There are 2 protein chains.
Amino acid sequence: MISEDEILAQLAGCGLRVTGARRAITRVLLETDCALTPAQMCDLARRHWPGIGLVTAYRTLELLAQLGYARRLHSEDGCHSYVRASCGHRHDLICQSCGRVVEFEGCDLSDLLQRVEAETGFAIRQHMLELAGLCPRCQELAERMAQ
Amino acid sequence: MISEDEILAQLAGCGLRVTGARRAITRVLLETDCALTPAQMCDLARRHWPGIGLVTAYRTLELLAQLGYARRLHSEDGCHSYVRASCGHRHDLICQSCGRVVEFEGCDLSDLLQRVEAETGFAIRQHMLELAGLCPRCQELAERMAQ
DNA sequence: TTGTGTGCAAAATCTTTGCACTTCG
DNA sequence: CGAAGTGCAAAGATTTTGCACACAA
């Protein structure tokens, strides 16, 4: 997993400034497993950088998303939260119980895509896939509760 | 594709009332190929039932979604638009050029899901998949433009 | 020193709620 | 007739914008 310093170095490399607010949001993004809204990120970021404003959280998250370090999650209701993201083409797997988000790669959809292209005549260019279920920890908990 | 009358009959069957506003929103939902926001649906619905209010559009779309006749689309930005939906487990294929939405079924992800379950230990319960690309009509147009 | 980045306040959106009036059944 | 459904206005929530000031580089 990428480190805070690497991201900040990347910022600097792009001619962007490394500020306390950006540092704080970046840290919060990497610190947590779950998808959080800009407002939640902002609250947590205040621990590292008191006085950070919500607007800055919005702007910084959008920036980090453009650079590929954050991704918006599109679960049933909340399309408004961000998770840390590795670079490249990845997808997210969300725990329906604790909210933890885990990435996975290597989504081989080629058979499916070919079939759908043949059936519909579309030329498919993008896909968006999100999986949800129970993480190992929450499965255990659920089993213990059931006894 | 299901008809307006069938949906309205279903409403009545559930003990819900068939009103002018519901009829209008239902018609708009079935009339269009594209995903539309509640506000857009409301505007279009006024042609069939002048004076319909935005709030009613919100409420009716939520109702139709619960009954399975509409689905929210989760494309990159707009997670706020609805499309007509057939019953059962289907996915959407969106034309990036004209916005037309086509459904497809039979998403066989079992290999992928098994692999991800094995890798992560998650018990996967749900998946959300959306494809995007160019519909046949827009492909032709693009080719003609290129010449 | 300079201009990017920030915070605040305010505006613009989008969505939900409360309530009296309509209207379907 | 009675209760579900509607529209309006207002409240809430979320996101964006404008602008003066702060502070990385």
Side-chain angles (χ1 to χ4, degrees), chain A residues 4-5 7-29 35-67 70 72-82, chain B residues 4-5 7-29 35-67 70 72-82:
Chain A
E4 186 184 326
D5 288 340
I7 294 181
L8 297 175
Q10 175 77 35
L11 278 185
C14 298
L16 296 166
R17 293 188 179 168
V18 175
T19 66
R22 284 178 178 168
R23 206 186 296 273
I25 291 287
T26 303
R27 181 169 301 175
V28 169
L29 185 73
L36 299 176
T37 62
Q40 292 171 316
M41 295 262 183
C42 182
D43 283 347
L44 292 175
R46 269 190 245 272
R47 294 186 194 164
H48 305 302
W49 191 257
I52 187 176
L54 180 56
V55 178
T56 301
Y58 272 95
R59 291 193 272 226
T60 306
L61 285 167
E62 202 194 320
L63 176 66
L64 291 172
Q66 278 173 0
L67 294 175
R72 276 181 106 107
L73 220 68
H74 289 262
S75 345
E76 255 342 277
D77 298 304
C79 302
H80 304 282
S81 43
Y82 289 86
Chain B
E4 187 184 327
D5 287 341
I7 295 182
L8 298 175
Q10 175 77 34
L11 279 185
C14 297
L16 296 166
R17 292 186 179 171
V18 175
T19 66
R22 284 178 177 169
R23 205 185 297 271
I25 292 287
T26 303
R27 180 170 301 177
V28 168
L29 185 73
L36 299 176
T37 62
Q40 293 171 315
M41 294 261 185
C42 182
D43 283 347
L44 292 175
R46 268 191 245 272
R47 293 187 194 163
H48 304 302
W49 191 257
I52 186 176
L54 180 56
V55 178
T56 301
Y58 273 94
R59 290 193 272 225
T60 305
L61 285 168
E62 202 195 320
L63 176 66
L64 291 172
Q66 279 174 0
L67 294 176
R72 274 180 109 108
L73 220 67
H74 288 262
S75 345
E76 256 339 280
D77 298 303
C79 302
H80 305 283
S81 43
Y82 289 87

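Residue numbers start from 1 in every chain, and the chains themselves are labelled A, B, ... in the order their sequence lines are given, proteins ahead of strands. Everything numeric in this text was worked out from a predicted model, so none of it was measured.
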Would you please confirm or rule out a distance under 4.0 Å between OP1 or OP2 of C:dC14 and any side-chain N or O of B:H80?
no

Rounded distance (Å) that lies between atom P of C:dA10 and atom CG of A:L54:
16 Å

Answer yes or no: does a side-chain N or O of A:T37 lie under 4.0 Å from OP1 or OP2 of D:dT14?
no

Over how many whole Å does the gap from A:M41 atom CE to D:dT15 atom P extend?
13 Å

When you measure from the side chain of A:R27 to the backbone N and O of A:A45, does any donor-acceptor pair fall under 3.5 Å?
no

Decide if atom CD of A:E4 counts as having more than 12 heavy atoms of other residues, nucleotides or ligands within a radius under 6.0 Å.
yes

Could you check A:I52, A:L29, A:V28 and say which one makes a side chain to side chain contact (heavy atoms under 4.5 Å, CB included) with A:L44?
A:V28

Check the distance between C:dG5's P and A:L11's CG and give it to me in whole angstrom.
9 Å

On DNA chain C, more 5' by nearest nucleotide between B:E62 and B:W49 is B:E62

Phosphate OP1/OP2 of D:dG5 contacted by B:T56 side-chain N/O (<4.0 Å):
no

Base, sugar-phosphate or nothing for A:G15? Non-hydrogen atoms, less than 4.0 Å.
nothing

Determine the contact category for B:R59: base if any of its heavy atoms lies under 4.0 Å from a base atom, sugar-phosphate if only primed atoms, P, OP1 or OP2 are that close, otherwise nothing.
base

Looking for any heavy atom pair under 4.0 Å, which part of the strands does A:G20 touch: base, sugar-phosphate only, or nothing?
nothing

Calculate the interatomic distance between B:I52 atom CD1 and D:dG7 atom P; express it in whole Å.
6 Å

Return the value, rounded to whole Å, for the distance between atom CG of B:L63 and atom P of D:dA4.
14 Å

On DNA chain C, check which nucleotide each of B:Y58 and B:L16 is closest to and give me the residue with the more 5' one.
B:Y58

Please check the phosphate of D:dC23 (OP1 and OP2 only) for any side-chain N or O of A:R17 closer than 4.0 Å.
no

Rounded to whole angstroms, how far apart are CG on B:L8 and P on D:dG5?
13 Å

Rounded distance in Å - CZ (A:R72) to P (D:dT14)
13 Å

In this structure, which one of A:T56, A:L64, A:L11 forms a side chain to side chain contact (heavy atoms under 4.5 Å, CB included) with A:R22?
A:L11

So which atom in A:H48 and which in A:A24 form the shortest heavy-atom distance, rounded to 0.1 Å?
CB-CB, 4.0 Å

CG of A:L64 versus P of C:dG5: gap in Å, rounded?
12 Å

